[in-house]
Amino acid sequence: MSSDRPDLAELELPDLEQALEAAGHRRFHARQVFQWLYRRGVTDLEAMTDLPKAMRADLATRVTIGTPEVVSESRSTDGTRKFLLRLHDGRTIESVFIPDTPAMTFCLSTQVGCAMGCAFCLTGKMGLVRHLTAGEIVGQVRVLAAATGLLTEPFNLVLMGMGEPLHNYENTMKALRILHDEHGFAVSPRRVTLSTVGIVPALDRLAHEALMPNLAISLHATTEELRSRLVPPNQKYPLGDILEACRRFPLKKRSRITFEYVMLKGVNDSAADARRLATLLHGIKAKVNLIPLNPAPGIPFERPSDHQIDQFARILAERYITVSVRKSRGRDIRAACGQLIVDGARLQIGRAHV
């Protein structure tokens, strides 16, 4: 990607207006470009037929429109579709389309790899390769919406793919602003869920954003010692500090913070863990999403029994905690929670465990 040719897919509408004006074109054309990019999925400037022909020819020499390339697609028996996408520098990421959940949902990546190193997550085995740009985050939506016929239909977004969104704060929030723009996808923040291990300064910063997505905290343990083993960032941002940040996080009426809890057999699935979790969440408008582990080569844990999962959920419910058990989607194509990892890294992990 040439550094002297701006990428229109990286620009928010006001910046696109300025860029066009600087190139000698009228600002209102930026809205038309936005509509072509996001509502129609068109990236060929020549095909943007309501732009003046001379303008199209001029822009073709001045700008680029970066779009992730679909390398491959896997389809699950349950309808889930996983896309391997190649970025401009040859790096690859995975994004997932999950139908009927109950709405259509795109699961997006925010980084190539992840620096958090959670013990039960394959993506964490990759380490952090680099942050995604805002255009690359939004580009996943453009590609998936076009591939699934949802360019003009409502859909939900979950920032739960590869990477930690709050570790890539600026690009993640810029992407949400682009996605929200009324001339593009017009995605309401109510349709977006951001999942984070809990980077406390970023949580406090998020609390003051004009566009505030639904918040999901990846908790996974009820003691500081265990969480530090399972989620290494806990050593810097302890469980207690994260919960305090949640208590001061502004929530709209009827909104709750989701606490995600990956259940690991014999590790964090006991009745005592359930009782501690209920105590920890006291005073927080919370709901708990229990996620039975999706086993994979390289992950040294097992899935608890259905009986153990049900007992855990029942203990929470008896203590007036709203609780659900996530139905795993796309397990047969390694598209489920914690299973996203690109092929090169998967090969290395597989060799290490032969």
Side-chain angles (χ1 to χ4, degrees), residues 114 116-125 158 160 164 166 193-200 203 214-249 251 255-296 298-329 331 336-339:
C114 184
M116 301 299 105
C118 296
F120 46 82
C121 179
L122 277 180
T123 310
K125 303 293 184 184
V158 292
M160 296 182 184
E164 161 56 58
L166 295 187
T193 299
L194 184 152
S195 176
T196 174
V197 300
I199 300 175
V200 173
L203 278 175
N214 300 310
L215 182 62
I217 301 292
S218 296
L219 208 64
H220 312 313
T222 59
T223 68
E224 299 285 6
E225 185 275 332
L226 178 58
R227 192 168 193 272
S228 291
R229 284 198 286 124
L230 296 178
V231 186
N234 194 73
Q235 298 170 45
K236 185 172 183 180
Y237 304 114
L239 181 59
D241 291 354
I242 294 169
L243 293 173
E244 283 305 309
C246 290
R247 287 189 171 89
R248 59 179 176 262
F249 198 85
L251 293 173
S255 294
R256 295 175 182 269
I257 296 175
T258 297
F259 290 89
E260 299 168 316
Y261 195 94
V262 171
M263 299 194 68
L264 310 172
K265 181 179 179 179
V267 177
N268 65 354
D269 63 342
S270 69
D273 285 306
R275 289 190 291 269
R276 275 195 299 270
L277 180 56
T279 299
L280 286 173
L281 299 182
H282 181 72
I284 301 175
K285 291 175 65 177
K287 57 183 177 182
V288 172
N289 191 353
L290 299 178
I291 309 170
L293 176 71
N294 294 302
I299 301 299
F301 302 104
E302 297 178 21
R303 182 189 190 278
S305 67
D306 289 343
H307 172 75
Q308 196 71 15
I309 295 166
D310 291 343
Q311 180 190 54
F312 197 102
R314 187 168 57 253
I315 291 171
L316 293 177
E318 289 171 349
R319 285 157 177 78
Y320 304 103
I321 300 291
T322 300
V323 59
S324 63
V325 178
R326 181 180 296 177
K327 180 182 178 182
S328 183
R329 300 289 297 267
R331 285 173 60 182
C337 179
Q339 292 187 322

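As the structure is a prediction and not an experimental result, all values here were calculated from the model.
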Residues passing the salt bridge (Lys or Arg N to Asp or Glu O under 4.0 Å) test with E224, sequence neighbours excluded, are none
Output for pair (K287 NZ, L281 CG), nearest 0.5 Å, gives 13.5 Å
One should read off an interatomic distance between T258 OG1 and L215 CG, to the nearest 0.5 angstrom, of 8.0 Å
The salt bridge (Lys or Arg N to Asp or Glu O under 4.0 Å) partners of D273 (sequence neighbours excluded) come to R276
In short, I299 meets L122 closest at the heavy-atom pair CD1-N, 3.9 Å
F312 meets the ring-ring contact (aromatic ring centres under 6.0 Å, His included) criterion, sequence neighbours left out, with Y261
Got I284 and F259 here, is their nearest side-chain heavy-atom distance under 4.5 Å? yes
When rounded to the nearest 0.5 Å, the distance separating CD1 of I291 from CD1 of I309 is 11.5 Å
request  = Might you work through the side-chain contact (heavy atoms from CB on, under 4.5 Å) test for I321 and L277, ending with a clear yes or no?
outcome  = CA-CA 10 Å; I321 300 291; L277 180 56; over 6 Å; no
By salt bridge (Lys or Arg N to Asp or Glu O under 4.0 Å), K265 pairs with (sequence neighbours left out) E302
In this structure, CZ of F120 is separated from OG of S218 (nearest 0.5 Å) by 6.5 Å
### Query
Do the side chain of Q308 and the main chain of D269 share a donor and acceptor less than 3.5 angstrom apart?
yes
Residues R303 and P292: closest non-hydrogen pair is NE-CB, 3.6 Å
So OG of S228 and CD of Q235: to nearest 0.5 Å the spacing works out to 5.0 Å
Closest non-hydrogen contact found for A286 with R256 is O-NH1, 3.2 Å
For R275, the side-chain hydrogen bond (donor to acceptor under 3.5 Å, both in side chains) test, sequence neighbours excluded, returns none
Please tabulate, for the side chains in residues 238-248, all donor-acceptor contacts under 3.5 angstrom to protein atoms that are two or more places apart in sequence or on a different chain.
| unit_1 | atom_1 | unit_2 | atom_2 | d |
| --- | --- | --- | --- | --- |
| E244 | OE2 | R247 | NH1 | 3.2 |
| R247 | NH2 | L280 | O | 3.0 |
| R247 | NH2 | H282 | O | 3.0 |
| R248 | NE | D204 | OD1 | 3.0 |
| R248 | NH2 | D204 | OD1 | 3.3 |
| R248 | NH2 | D204 | OD2 | 3.0 |

Could you check whether any side-chain N or O of N268 sits under 3.5 Å from a backbone N or O of T222, counting only pairs where one atom can act as donor and the other as acceptor?
no
Closest non-hydrogen atoms of V323 and A313, given as atom of the first, atom of the second and distance, are CG1-O, 3.6 Å
On a heavy-atom basis, the closest approach of A221 and L230 is CB-CD1, 4.3 Å
Value for SG (C118) from NZ (K125), rounded to nearest 0.5 Å, stands at 10.0 Å
Smallest heavy-atom separation, K285 atom then L251 atom, equals CB-CD1, 3.9 Å
Please assess F301 against V262 for the test side-chain contact (heavy atoms from CB on, under 4.5 Å), listing each intermediate value before the final yes or no. CA-CA 11 Å; F301 302 104; V262 171; over 6 Å; no
Could you go through N214 and L194, starting from their C-alpha distance and side-chain angles, then the distance that decides it, and tell me whether this counts as side-chain contact (heavy atoms from CB on, under 4.5 Å)? CA-CA 6 Å; N214 300 310; L194 184 152; over 6 Å; no
